[in-house]
Amino acid sequence: MSGHLSKRIMKETERLAKDPVPGISVTAHDENARYFNVILAGPEGSPYEGGVFRLELFLPADYPMQAPRARFLTKIYHPNIDRLGRVCLDILKDRWSPALQIRTVLLSIQALMSEPNPEDALNNEAAELWKKDAARAKEIAHQWTLEYAR
Amino acid sequence: MGNTTSHSDLSVASTVREAPANEPGEPLSLGTRPAPAVETSASGLYTNPTDGAFVQSSSWPSNNDSGAGIGSSVSWLQGGSGRAAQPVPTMVHAYTIRNELNVRKKSVRLIRDPDNPQQFLLEFVFDSTCSGLCTVYFMAKDATSRTTRVEQFHFQPLDETRPVPTPFEAGMGQLYRQNTHRGFVPQKYRQSVLFEQNLTELSKHRYPIVILLQRLPNADDEWAEQKPPPRQTEASATDSGRVRFQATYVTLTMPLKGLELAEEIPVKVAQQKILVDGTIYELQEIYGIEERTGSPDEPGSGPPAVGETDELCIICMTDPRDTTVLPCRHLCLCVDCAQLLRVRSDRCPICRSPVDSLLHIRNLRSNAR
Ligand SMILES: [Zn+2]
Ligand SMILES: [Zn+2]
């Protein structure tokens, strides 16, 4: 791995600390600079509002040539997030570009919480309900938020 | 207006910052014998950082008509080497030179002559670091030699009247306004010819307007005298490595009001070429150079983190950007990360379009410090 790329990780980490994103907290792991603890505030106006969601974010060895991996540790009811907390997001897969950053990834996840995409489901059950009865689905999401995302 | 001192400095980045946007007298990159893969053609490329432009061209575009137009970046890269068929993009190196002659693209206008309303007069702003001649051709055929090395551009105007070269002195932001005796009468020509936009067609037939700036041989120019360092003296001793001509190819659009009523015919600079050391290079845009320099015309309008984020490579965020992705022309990488991108990805980080090759502009980096 080029030292070049690890400099990038340092820069990103520094910048996240210096200029944090509202509603998002990122802390690098003490022993592993590629592993981050993330806390996301549930976006206003979404069923996740008021919730505090914990995620883990990991940068693979050839980051940023490869996308980071992100996973919800807090249980969440969402069509694009499965039971293991894995997130279905295009920029984490084939739409990844090294121009994107940890910051942009987390902002995109926050945006996904505000606007689920039931057409591209990872949690089929939630996706079905979201399509059939969005109000009911949001109610469940909100209940889960109250229960798990404290 | 760019002051002369800024032009006596070969450094790209620093010069650019002080100079007016899009304006010349500025260093350019001149590509050299790119990778061995493309060496078959005496090709080169050449960028104009001020213009956010990059130029490339093979020798004079052989006979395949590809010399004209944006598509030529691709044809050049593929030129005779078959390299493009391979998955790994080519790495091409360029170095910078100064552009001593330049028509400001956005300044070109074709305005109705108040004294002689059936004709239109051309005007534009140009910059030159030396004295020279300016010639405007209407409905001209490009008869420049198609051999590898050319001494100068040749244009054959349709009109019996041969255009008269106008002498100019060194200076930035000079206004050229056409003499009323030499106006352009569009009604004389067929509209299909007049308003053709396709560069390939134009190159086969006639260009509505060509502006040719020529530096006079051995012209004493200000910067050569002002600049003490040996590098410059060397350069001024001969014409080697210096821009001798710039040709600006202008196309016309039918005015909304029609030719009879319009006060002005909309024009567009379709292409610019320069001649250096017997080789013709074509100027094209590079995206990203403007960003890193901000816009000198509107102070404070540039990106907030000028000098930090936007000048740095998008991948490592550490080294200055000096490598452009082709054919999309996004200047976003340092040369080390470009090497990495070559083998690890086939997409431009900015626009995700497929990468044909990567253009490393040498002096951008060292001078950006
Ligand atoms: Zn880099
Ligand atoms: Zn691009």
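So that the names make sense, note that chain A is the first sequence line, chain B the second, and so on, each numbered from 1.
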* To do: Would you mind checking which part of B:R352 comes under 4.5 Å of any heavy atom in chain A, side chain (CB onward), backbone (N, CA, C, O), both or neither?
  => side chain
* Structure fact -> Greatest number of non-hydrogen atom pairs under 4.5 angstrom with chain A, of B:I314, B:I315, B:I350, B:L341, falls to B:I315
* **Per-residue contact mode, A:I9 against chain B (heavy atom under 4.5 angstrom)** => neither
* **Ion pair check, A:R15 and A:E12, cut-off under 4.0 Å** => no
* With the threshold set at 4.0 Å, does a side-chain nitrogen-carboxylate oxygen contact exist between A:D82 and A:R86? -> yes
* Measure up the A:Y48 and A:F53 rings against each other and bin them: parallel (under 30°), tilted (30 to 60°), perpendicular (over 60°). => perpendicular
* Please walk me through it: do A:R83 and A:N123 pass side-chain contact (heavy atoms from CB on, under 4.5 Å)? -> CA-CA 7 Å; A:R83 244 179 302 161; A:N123 176 344; over 6 Å; no
